[in-house]
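The block underneath contains the structure these notes are about, expressed in structure tokens.
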Amino acid sequence: YTLTRFGYQMQSGEFTVSGDMRIELDAMTELETCTINFSVTPAEASVTLTHPTGGEMQADENGAFVLPKGEVYSYTVSAANYVTANGSFTASADAVIEVELTYAGEAWDGTTVTQPTEENGVYMISDAAEFEWFAQFVNAGNSTANAVLTQNINFNGKARTAFGIYDYADNNSGYNGTFDGRGFAVTGIAGEDGILDCIGPDGVVKNIIANVNIASGANIGGIANTSKGLVENCLVAGSVSTSANYCSSAGIVGRAMTGNTVRGCVNNAAISNTTNSYASTLSLGGIVGYTYGTVENCYNTGSLSAKQDRTTNKGIGGIAGQIHAPAIVRNVYNVGSVIGPEAGIGGIAGVLKGTLQNAYFLEGTASNGVSSTEGTPTAEYASKTAEEMRSAEFAAILGEAFNNDTDGINGGMPVLTFFLNKIAACVLYIEAVVPFLSFFSYRSFCHNRMSPFDIRQSELMKCFVRVSIS
């Protein structure tokens, strides 16, 4: 037998059954603890600290966290008008963790609309007023317009336009241009829609870090409510919620239709369905609500929840609520908790009808990887312990799109190589240009002053170094 509980030393032993027995076990021994404090800028920023099996940690009356040693914890630091920061650490001794959030950009007033400059047929968007102009421009019949972000965007929770109009009768409907976030953050997304309503079959949306707090009674996703095109290298934090019993909701794409691909994406947002209905397939997922297309090289850390007493509901999964035929979901993993009716939740998928390959979920997040299957699906998935997921072998199993979390940005779990390469570019540049700058200094700058997923880091770091020297 093995006896485990968070914060206590594991007990194990063996016995021989000789009849009815009652085994008295020794009291479990508490692990040693250490005290962790956070020093955050701005001072009003809030800190959320979690453990894969222990759940959310609570601070004491002084704001300090007293934690069992030897465990890996993940933190989120957030504040209005700033880009949310995530990180992780192993508790080994008393320490102070310093986090300075990145400014999210000028807060939008909700009314100003400004036409952005255009270079070689691409709109250069530098603030929320220009973003809103572009969204309205696309929806006015210019669905193939292209754009890139040149700064962080702060919508400030104001009502805005989700671009790319979905038309049930038109398979080509939606946004069919290329929108490149270039690693900038889009924050203050509120209301009933993701950044886009619909991505068309020729649409490409990539390199966006989004912080959303959206809720709807319809299909909803942090990047797009519906997609028939490509979503690549995007990360979503915050919350996504629906109250409907017939719609799809997820961190990246709510409704991933035929021809859609979601690649290299991460969801950190909390996803929930609050319907009171019974006998419903909720299509609630970390990455996609449901998919008829391809999902690959993605992972979910956000929690998923639906009402547990609606025992006949189903279609709730850590990666996808439903995987339809002929969809393919591969090279994915989930470490977010999945809460809902026991028979309707899965660590990977709620309902599987298509193909699931090389998929994993953290032991304890759900009792099963897939709650139900229909038709003749392919189901290749397994559970892993937190220790197994933090190993180099696990990152290798997931494939070359993943790498070890050597920088502690994901609780030691594998991170996408695409994002990690951007940190490496930043570090190598500083080491070459300013050899006297310590590793701690540039590591702290990369992780705390900017998002670790910022694909502009090498350029921004040049600016930082030059200004500091001069």
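Worth saying up front: this structure is predicted, and the values here are computed from it rather than measured. For this chain, numbers begin at 1 and follow the sequence in order.
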Handout entry: Close side-chain approach of Met389 to Leu362, heavy-atom, < 4.5 Å
Key = yes

Exercise for the section: From the options Val231, Val295, Val266, select the one residue that forms a side-chain contact (heavy atoms from CB on, under 4.5 Å) with Ile252. Expected result: Val231

Practice task
Measure across Ala145 and Val138 and return the closest heavy-atom pair with its distance rounded to 0.1 Å.
Solution key: CB-CG2, 4.5 Å

Practice task
To the nearest 0.5 Å, tell me how far Gln308 CD sits from Glu342 CD.
Solution key: 8.5 Å

Practice task
Would you please name every residue forming a salt bridge (charged side-chain N to carboxylate O under 4.0 Å, His left out) with Arg160, sequence neighbours left out?
Solution key: none

Problem - Residue pair Asp109 / Thr111, side-chain donor-acceptor N/O under 3.5 Å - result: yes

Practice task
Compute both the distance and the angle, then confirm whether Arg255 meets the cation-pi test with Tyr166: under 6.0 Å from the six-membered ring centre, within 45 degrees of the axis.
Solution key: yes

Practice task
Scan residues 329-348 for pairs that pass ring-ring contact (aromatic ring centres under 6.0 Å, His included), counting only residues two or more places apart or in two chains.
Solution key: Tyr299-Tyr333, Tyr333-Phe394

Problem - Donor-acceptor side-chain pairing of Asn176 and Thr144 below 3.5 angstrom - result: no

Let me have the donor-acceptor pairs involving side chains of residues 278-288, under 3.5 Å, with sequence neighbours excluded, atom names and distances please.
from   : atom 1 : to     : atom 2 : distance (Å)
Ser280 : OG     : Asn245 : ND2    : 3.2
Ser280 : OG     : Tyr278 : O      : 3.0
Ser283 : OG     : Gln322 : NE2    : 2.9

Practice task
Tell me yes or no: between the side chains of Asn331 and Asn297, is some donor less than 3.5 Å from an acceptor?
Solution key: yes

Exercise for the section: For Glu44, enumerate each residue passing the side chain to side chain contact (heavy atoms under 4.5 Å, CB included) test, keeping only those at least two apart in sequence or located in another chain. Expected result: Pro42

Handout entry: Donor-acceptor contact below 3.5 Å, side chain Lys206 vs main chain Cys234
Key = no

Practice task
Fit a plane to each ring of His51 and Phe6, take the angle between them on a 0 to 90° scale, and name the class: parallel (under 30°), tilted (30 to 60°) or perpendicular (over 60°).
Solution key: tilted

Handout entry: Contacts of Glu374 that satisfy salt bridge (charged side-chain N to carboxylate O under 4.0 Å, His left out) - sequence neighbours left out
Key = Lys314, Lys353

Handout entry: Any donor-acceptor N/O pair, Asn156 side chain to Gly188 backbone, under 3.5 Å
Key = no

Exercise for the section: Assert yes or no for the condition that the ring centre distance of Phe65 to Tyr73 is strictly below 6.0 Å. Expected result: no

Practice task
For Glu363, check salt bridge (charged side-chain N to carboxylate O under 4.0 Å, His left out) against everything at least two apart and list the hits.
Solution key: none

Practice task
Indicate whether the side chain of Thr301 and that of Asn268 have a donor and an acceptor atom separated by less than 3.5 Å.
Solution key: yes

Problem - Side chains of Val370 and Tyr381 in contact at under 4.5 Å (non-hydrogen atoms) - result: yes

Problem - Glu296, CD atom: more than 12 neighbouring heavy atoms under 6.0 Å - result: yes

Problem - Val83 and Leu101, any side-chain heavy atoms less than 4.5 Å apart - result: no

Practice task
State, without any angle test, whether Thr161 and Glu132 hold a side-chain donor-acceptor pair at a distance under 3.5 Å.
Solution key: yes

Practice task
Compute whether any side-chain donor of one residue and acceptor of the other, for Asn273 and Thr242, lie under 3.5 angstrom apart.
Solution key: no

Handout entry: Side-chain donor-acceptor pair present, Lys307, Asn276, cut-off under 3.5 Å
Key = yes

Practice task
Could you pull out the closest heavy-atom pair between Ala162 and Asp193, with the gap in Å?
Solution key: CB-CB, 3.6 Å

Handout entry: Student check: side-chain heavy atoms of Val212 and Val240 closer than 4.5 Å
Key = yes

Exercise for the section: Determine whether the aromatic ring centres of Trp133 and Tyr123 lie less than 6.0 Å apart. Expected result: yes

Problem - Residue that, paired with Ser272, satisfies side chain to side chain donor-acceptor pair (under 3.5 Å) out of Ser239, Ser243, Ser241, Ser303 - result: Ser241

Exercise for the section: Would you tell me whether Ser88 and Ser74 have side-chain atoms, one donor and one acceptor, within less than 3.5 Å of each other? Expected result: no

Problem - Side-chain H-bond candidate by donor/acceptor type, Asp180 with Asn207, under 3.5 Å - result: yes

